[in-house]
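Here is how names work: the chains are called A, B, and so on, in the same order as the sequence lines, proteins then strands, and each is numbered from 1.
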Amino acid sequence: MLDIKRIREKTDEVREGLRRRGADPVLLETVLELDRQRRALLASAEEKKNRRNATSKEIGAARKRGEDTAQVQAEVRTLGDQITALDEQLRVVEADLQAAVLRIPNVPCATIPTGTDAAANRVARVEGQPRTFSFAPQDHVTLAERLGIMDLPRATRMTGSGFPLLLGAGARLQRALIQYMLDLHTQKHGYTEMLPPFVVNSASMCGTGQLPKMADDMYHCEKDDLWLIPTAEVPVTNYFREEILDRPLPVLLTAYTPCFRREAGSAGKETRGILRVHQFDKVEMVKFVAPETSYQELESLLGHAEDVLRGLGLHYRILELCSGDISFAAAKCYDIELWAPGHNGWLEVSSCSNFEDFQARRANIRYRDAEKKVQFVHTLNGSGVALPRLMIALLENGQQEDGSVLLPPALVPYMGGVERLVPPGAGEVIGGKC
RNA sequence: GGAGGGAUGGCUGAGUGGUUUAAAGCAUCGGUCUUGAAAACCGACGUACCGCAAGGUACCGGGGGUUCGAAUCCCUCUCCCUCCGCCA
């Protein structure tokens with residue numbers, strides 16, 4: 001949520017930022033008009049309340065002296081009716097104003113590329129080298145089928161399409177990766193591990209910016225008015241909702257959670273295998289930092305996500321997203337994409353974003369600065385990293401001509417010493433044999 | 001799910017209709033004193049909004065109501081505690 005004072009006082013700057021994003025310009029004008037109405041109503045109501053408070057006090061004093069106050073009481077009652085009417089108008093205007101402000105996206109950071117879509121994203125860096133193959137590389141679906149580590153047809157019968165099911169060594173590999181990433185972030189990068197609820201209430205969804213805009217993209221439990229989380233960002237960031245932090249910044253938290261996304265409107269897009277699914281696992285990093293440090297914290301956050309991929313020997317690139325492609329709440333965002341030779345393309349496995357005070361205002365997360373002044377924190381988060389596409393890259397990059405898959409040495413301890421996934425032998429019904 | 005008891009400022013905790021613009025204590029910060037510290041004493045000490053300012057308004061778990069006036073009375077919701085039931 002943008003600061004209403006900033007909208008009011010630096011209107012041109014905000015308008016330009018929203019223009020760069022391609023956001024609806026009408027929203028801003030609506031907010032400005034509602035803000036004017038609100039302040040006019042507020043001034044009027046507060047003036048009357050002041051009079052009522054003072055007069056009521058006088059009534060109390062007069063009655064103590066035994067005077068008759070019926071006349072004054074009648075006057076104040078009229079005043080009270082006027083206040084009730086003004087408060088009602090105010091309530092409506094404030095609700096409209098709040099609803100409108102919540103729909104305004106964050107102002108993009110001045111340094112990011114301007115553009116309307118992914119085509120304008122800037123490739124910041126490319127790391128590592130693509131592997132060369134002496135044979136035609138297969139894609140992850142073919143490889144996983146051969147290895148017997150995934151069963152999508154049965155998962156579809158059980159639930160529906162887009163809900164993956166891993167088996168044997170596939171399930172173990174997933175678990176190993178989660179463990180590897182959490183260990184890296186907690187032991188090397190200084191994060192505290194959290195295992196949060198996977199279901200949250202509407203206030204939390206609003207706090208991080210998923211609501212109101214993304215309601216249709218999420219799973220909602222209507223009976224309880226609870227939402228399945230689309231990312232660990234939601235519970236982890238909302239950990240401090242409505243708090244003034246009493247601990248030194250930055251606060252670094254990391255969490256493994258499953259993520260649930262309806263992917264409404266993306267039917268048919270890149271749906272082969274586990275490329276785009278309704279449920280996936282992810283390790284997420286979240287930072288609560290002092291405002292003046294947030295952009296250097298973004299760089300280190302990106303480094304932490306990269307560390308996961310470097311440790312696995314993977315070839316990846318960093319994109320600096322343009323103004324039209326960053327998410328609703330973000331001011332700046334880096335995407336990390338892994339090279340997948342079977343897919344013959346780049347796969348997004350991480351987004352590392354600085355939200356500045358946008359989420360902190362919505363979720364009301366503050367801290368006391370050096371002068372003891374209460375201020376909003378800046379929040380950041382980054383995937384570290386999302387699992388299905390990491391799994392795809394590992395399978396496709398590690399594949400051998402015989403159908404086996406070599407695992408990166410860093411994972412071997414987490415796989416109980418297993419270095420290679422091999423197809424199940426003849427006669428075995430289900431696979432996943434190591 | 002049933003019955004009962006609770007929710008007050010960073011913490012403890014008073015307060016059942018009118019100087020409560022919330023007592024007191026603890027904690028914190030500043031000052032005096034001290035070589036320094038402690039103690040003692042003095043002072044400060046919530047958040048948000050509106051206003052150029054003076055100042056004003058709101059907030060005692062959330063929402064609504066009664067009243068000239070609500071932390072205080074009424075309704076309702078949420079959460080916590082105790083007991084019972086059910087259950088991984």
Side-chain angles (χ1 to χ4, degrees), chain A residues 1-11 31-102 195-207 211 221-227 235 238-249 251 288 357-377:
Chain A
M1 181 167 63
L2 296 180
D3 183 5
I4 186 68
K5 284 184 194 152
R6 179 180 177 194
I7 294 174
R8 192 190 301 149
E9 288 159 18
K10 298 189 173 169
T11 309
V31 165
L32 288 166
E33 175 53 29
L34 288 169
D35 179 52
R36 275 190 290 272
Q37 287 178 24
R38 183 183 92 92
R39 284 185 295 153
L41 286 167
L42 196 63
S44 174
E46 289 191 349
E47 186 269 330
K48 287 185 198 300
K49 282 179 186 174
N50 184 18
R51 259 163 55 204
R52 179 178 66 180
N53 288 348
T55 313
S56 288
K57 236 175 217 178
E58 283 167 21
I59 290 171
R63 282 171 60 143
K64 250 178 203 161
R65 294 194 299 268
E67 295 167 16
D68 176 35
T69 56
Q71 173 73 34
V72 196
Q73 282 186 30
E75 284 169 30
V76 179
R77 190 180 295 123
T78 312
L79 196 58
D81 291 343
Q82 293 171 13
I83 290 169
T84 305
L86 282 170
D87 274 349
E88 175 57 20
Q89 289 178 53
L90 198 55
R91 197 190 58 76
V92 171
V93 168
E94 281 186 337
D96 290 351
L97 178 61
Q98 182 71 0
V101 173
L102 285 176
L195 187 61
F198 303 153
V199 177
V200 300
N201 59 31
S202 294
S204 293
M205 279 300 182
C206 196
L211 286 180
C221 311
E222 204 170 321
K223 261 191 172 170
D224 304 291
D225 193 21
L226 294 173
W227 305 79
N238 279 284
Y239 181 57
F240 292 122
R241 182 154 58 81
E242 305 294 341
E243 285 193 42
I244 298 173
L245 301 193
D246 58 355
R247 62 190 86 192
L249 298 180
V251 175
F288 302 85
D357 64 6
F358 190 85
Q359 291 181 328
R361 282 182 186 282
R362 288 177 160 244
N364 203 23
I365 305 169
R366 295 167 296 171
Y367 79 110
R368 288 184 199 278
D369 65 15
E371 282 84 47
K372 303 279 182 200
K373 220 181 127 219
V374 175
Q375 280 201 57
F376 288 104
V377 299

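Looking at heavy-atom distances under 4.0 Å, A/R368 makes contact with sugar-phosphate atoms alone, never a base. Residue-level contact check: A/R8 touches the backbone only, with heavy atoms under 4.0 Å from sugar-phosphate atoms and none from bases. Counting non-hydrogen atoms under 4.0 angstrom, A/R366 reaches the backbone sugars and phosphates but no base. Within 4.0 Å of A/K48, counting heavy atoms only, lies no atom of the nucleic acid at all.
Summarising the base pairing, B/A7 is matched to B/U78 through a Watson-Crick or G-U wobble pair whose two defining distances lie under 3.5 Å. Base pairing analysis places B/U47 opposite B/A58; the two distances defining the Watson-Crick or G-U wobble pair are each below 3.5 Å. Nucleotide B/A88 is matched to nothing when pairs are restricted to Watson-Crick or G-U wobble geometry with both distances under 3.5 angstrom. Checking B/C52 for Watson-Crick or G-U wobble geometry (two distances, each under 3.5 Å) identifies no partner in any strand.
Between A/L79 and A/E75 the shortest side-chain heavy-atom distance does not fall below 4.5 Å. In this structure the side chain of A/L211 never reaches within 4.5 angstrom of the side chain of A/L102, judged on heavy atoms. Between A/I365 and A/E243, the closest side-chain pair of non-hydrogen atoms is not below 4.5 Å.
Between the CG atom of A/L41 and the P atom of B/C49 there is a distance of 18 Å, given to the nearest Å. Atom P of nucleotide B/G17 and atom CD1 of A/I59 are separated by 18 Å, given to the nearest angstrom. Protein atom CD of A/E94 is 12 Å distant from nucleotide atom P of B/G63, rounded to whole Å. Look at CG on A/D225: it is 12 Å from P on B/U78, rounded to the nearest Å. Protein atom OH of A/Y367 is 20 Å distant from nucleotide atom P of B/G46, rounded to whole Å. One can place CZ of A/R361 at 15 Å from C1' of B/U47, the figure rounded to the nearest angstrom. The distance between atom CG of A/L90 and atom P of B/C59, rounded to the nearest whole Å, is 13 Å. B/C68 atom C1' lies 11 Å from atom CD of A/E58, rounded to whole Å.
In this structure, A/Q71 CD and A/I59 CD1 are separated by 11.0 Å, a value rounded to the nearest 0.5 Å.
Ionic pairing of A/E88 and A/R91 is present here: one or more N-O contacts between side-chain nitrogen and carboxylate oxygen are shorter than 4.0 angstrom. A salt bridge is absent between A/K48 and A/D87; no separation between the charged side-chain nitrogens and carboxylate oxygens falls under 4.0 Å. Under the 4.0 Å criterion applied to side-chain N and carboxylate O atoms, A/E33 and A/R36 are assigned as salt-bridge partners.
Comparing B/C49 with B/G13, their C1' atoms sit 30 Å apart, to the nearest whole Å. Nucleotides B/G46 and B/G36 are separated by 34 Å at their C1' atoms, to the nearest Å. Going from the P atom of B/U57 to that of B/U8 covers 26 Å, rounded to whole Å. Taking atom P in both B/C11 and B/G61, one finds a spacing of 13 Å when rounded to whole Å. Comparing the P positions of B/A27 and B/C41 gives a spacing of 12 Å, expressed to the nearest Å. A distance of about 26 Å separates the C1' atoms of B/G65 and B/U47, rounded to the whole Å. The gap from the P atom of B/C77 to that of B/A3 amounts to 12 Å, rounded to the nearest Å. A distance of about 24 Å separates the C1' atoms of B/C45 and B/A37, rounded to the whole Å.
Residue A/R52 has no polar side-chain atom (N or O) positioned under 4.0 Å from OP1 or OP2 of B/C68. Taking 4.0 angstrom as the limit, A/R39 places none of its side-chain polar atoms (N or O) nearer than this to OP1 or OP2 of B/C49. The phosphate of B/C68 (OP1 or OP2) has a side-chain N or O of A/R77 nearer than 4.0 angstrom.
A residue-by-residue look at A/Q375 and A/K57 shows that A/K57 has its nearest nucleotide of RNA chain B further toward the 5' end. Each of A/V374 and A/R51 lies near RNA chain B, and the nucleotide nearest A/V374 is the one positioned closer to the 5' end.
Nearest to the side chain of A/I244, among B/C68, B/U47, B/U21, sits B/U47.
Judged by distance alone, the side chain of A/R38 and the main-chain N or O of A/E94 form no donor-acceptor pair under 3.5 Å.
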Sub-3.5 Å pairs of nitrogen or oxygen atoms, protein against nucleotides 54-56 of chain B:
| residue | atom | partner | partner atom | Å |
| --- | --- | --- | --- | --- |
| B/G56 | O3' | A/N50 | OD1 | 3.2 |
| B/G56 | N2 | A/E46 | OE1 | 3.0 |
| B/G56 | N2 | A/E46 | OE2 | 3.4 |

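Residues satisfying the salt bridge (Lys or Arg N to Asp or Glu O under 4.0 Å) criterion with A/R39, sequence neighbours excluded, are A/D35.
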